[in-house]
Amino acid sequence: MDAPHQPQVCTGVRVTALEPAGGSGWTIHTQGQRPQGAQGEEGREQAQQAHAVVLATGGFAASQELLQRYAPQAAQLGTTNGAFATGEGLELGTQAGAALADVDQVQLNPTGIVDPADPLAPTKTVAPEKLRGLGAILLSTDGRRFVNELGRRDEVAGAILAQPSKQAVLLFGAATAGAFGTALGQYLSSGLVQMADCPERLEEQAGLPAGVVKEELAAYAQAAAAGRDAFGKRAFPAGIDPAQPLYWTRVTPVAHYCMGGLAIDASARVQDGSGQPILGLFAAGEVAGGIHGSNLLVGSSLLDCAVFGCIAGAAAARHAEQLAAASRT
């Protein structure tokens with residue numbers, strides 16, 4: 001029996017191209033440090049062979065070029081993704097003949113925090129949706145509510161983007177802060193969330209018109225007592241007591257998740273333009289598309305990563321075993 005293959009992790013290596021190797025797998029062209037077994041000089045273009053390739057490189061929410069090309073509605077916004085999410089796997093796949101699925105669908109998270117210390121930072125921390133689920137509300141720059149805070153991400157994001165500043169103030173009270181727990185301390189200590197001891201102080205900090213916060217909180221309390229407001233909200237998880245400390249942060253929609261990517265089938269095999277699998281090429285995670293449609297449900301990215309990751313890994317291993325067995329006969 002052959003000795004089990006030991007996986008090798010290569011850092012400082014960039015894959016520049018995938019080239020079919022005549023039915024025996026793929027030639028992977030790389031640049032950077034030389035992976036073990038690769039041909040070529042250190043720091044220059046190199047090549048190594050593989051029976052199967054799994055692309056698991058993430059999305060492209062940090063690439064203005066790809067956002068402009070595929071999803072211009074999400075371009076020019078910040079992102080929750082790091083600078084690494086630039087879509088190289090998408091480019092590698094399409095160069096190898098892959099079709100794309102739902103690539104114009106990029107989900108916006110409505111509450112990316114505008115860091116007062118660096119308001120133009122491209123990567124933004126999210127104000128967790130748990131805050132709205134526990135009773136936080138959204139105010140326009142004139143201090144008025146304008147949306148059902150418990151609506152879908154796309155609905156809330158669209159309502160904020162319709163504001164002249166494309167921003168909103170996320171406001172919550174002591175009850176929500178207590179229910180959120182000790183994690184709030186991290187937001188406070190970093191300056192991403194601020195605390196005010198009264199509505200007047202909050203108006204001063206956030207630049208809202210004088211007197212509007214207390215008035216809006218009274219109207220919200222009346223809507224909660226009635227069980228419905230003008231925006232269709234029927235669940236009011238917690239009230240906001242103006243006599244207790246108030247917490248707020250400025251938020252704006254940010255590119256959060258790419259629902260589209262390389263077209264795959266149920267076995268995570270990458271598809272070509274005619275819907276046929278490209279032999280030996282698999283994809284999983286955010287680089288793959290066609291799973292979520294136009295709206296990702298919260299937490300469903302685990303389907304991309306964990307479920308299709310397992311499927312892709314197993315399918316790639318079977319394919320590699322079949323090619324290895326054929327080469328020995």
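For this chain, numbers begin at 1 and follow the sequence in order.
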Quiz prompt | Between CD on residue Gln194 and CZ on residue Arg250, distance to nearest 0.5 Å | solution =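 Interatomic distance, Gln194 CD to Arg250 CZ, rounded to 0.5 Å: 8.5 Å.
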
(message) Distance check, rounded to the nearest 0.5 Å: Glu65 atom CD versus Leu67 atom CG?
(response)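 Rounded to the nearest 0.5 Å, the CD-CG separation comes to 10.0 Å.
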
Is a donor on one side and an acceptor on the other found under 3.5 Å between the side chain of [X] and the backbone of [Y]?
| X | Y | value |
| --- | --- | --- |
| Gln48 | His29 | no |
| Thr86 | Ala62 | no |
| Glu203 | Gly211 | yes |
| Ser63 | Phe60 | no |
| Trp26 | Gly280 | yes |
| Gln244 | Pro242 | no |
| Gln73 | Asp104 | yes |

Only counting residues at least two apart or in another chain, list the ones meeting side-chain contact (heavy atoms from CB on, under 4.5 Å) with Ala136.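 Per chain and number, Ala136 pairs via side-chain contact (heavy atoms from CB on, under 4.5 Å) with Leu131, Arg132, Leu170, Phe172.
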
**Request:** Before accepting this row, confirm whether a basic side-chain N of the pair Asp229/Arg234 lies closer than 4.0 Å to the acidic partner's carboxylate O.
**Result:**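 Answer for the salt bridge query: no.
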
Determine, for Asp142 against Arg144, whether the closest basic-nitrogen to carboxylate-oxygen distance falls under 4.0 angstrom.
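So Asp142 does not pair with Arg144 through a salt bridge.
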
Contact summary for Val251 and Val114, nearest pair of heavy atoms: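 The pair with the smallest heavy-atom distance is C-CG2, 4.2 Å.
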
Heavy-atom check, side chain of Gln46 versus side chain of Gln31, under 4.5 Å
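Answer no - side chains too far apart.
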
Exercise for the section: Could you list all the side chain to side chain donor-acceptor pair (under 3.5 Å) pairs where at least one residue sits in residues 112-127, not counting sequence neighbours? Expected result: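 Qualifying pairs: none.
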
Give a yes or no on whether the ring-centroid distance for Phe236 and Tyr220 is below 6.0 angstrom.
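Phe236 vs Tyr220: aromatic centres under 6.0 Å.
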
Donor-acceptor pairs are to be reported for all side-chain atoms of residues 303-316 against protein atoms at under 3.5 Å, with residues two or more places apart or in another chain.
| unit_1 | atom_1 | unit_2 | atom_2 | d |
| --- | --- | --- | --- | --- |
| Asp304 | OD1 | His292 | NE2 | 3.1 |
| Asp304 | OD2 | Tyr257 | OH | 2.3 |
| Asp304 | OD2 | His292 | NE2 | 3.0 |

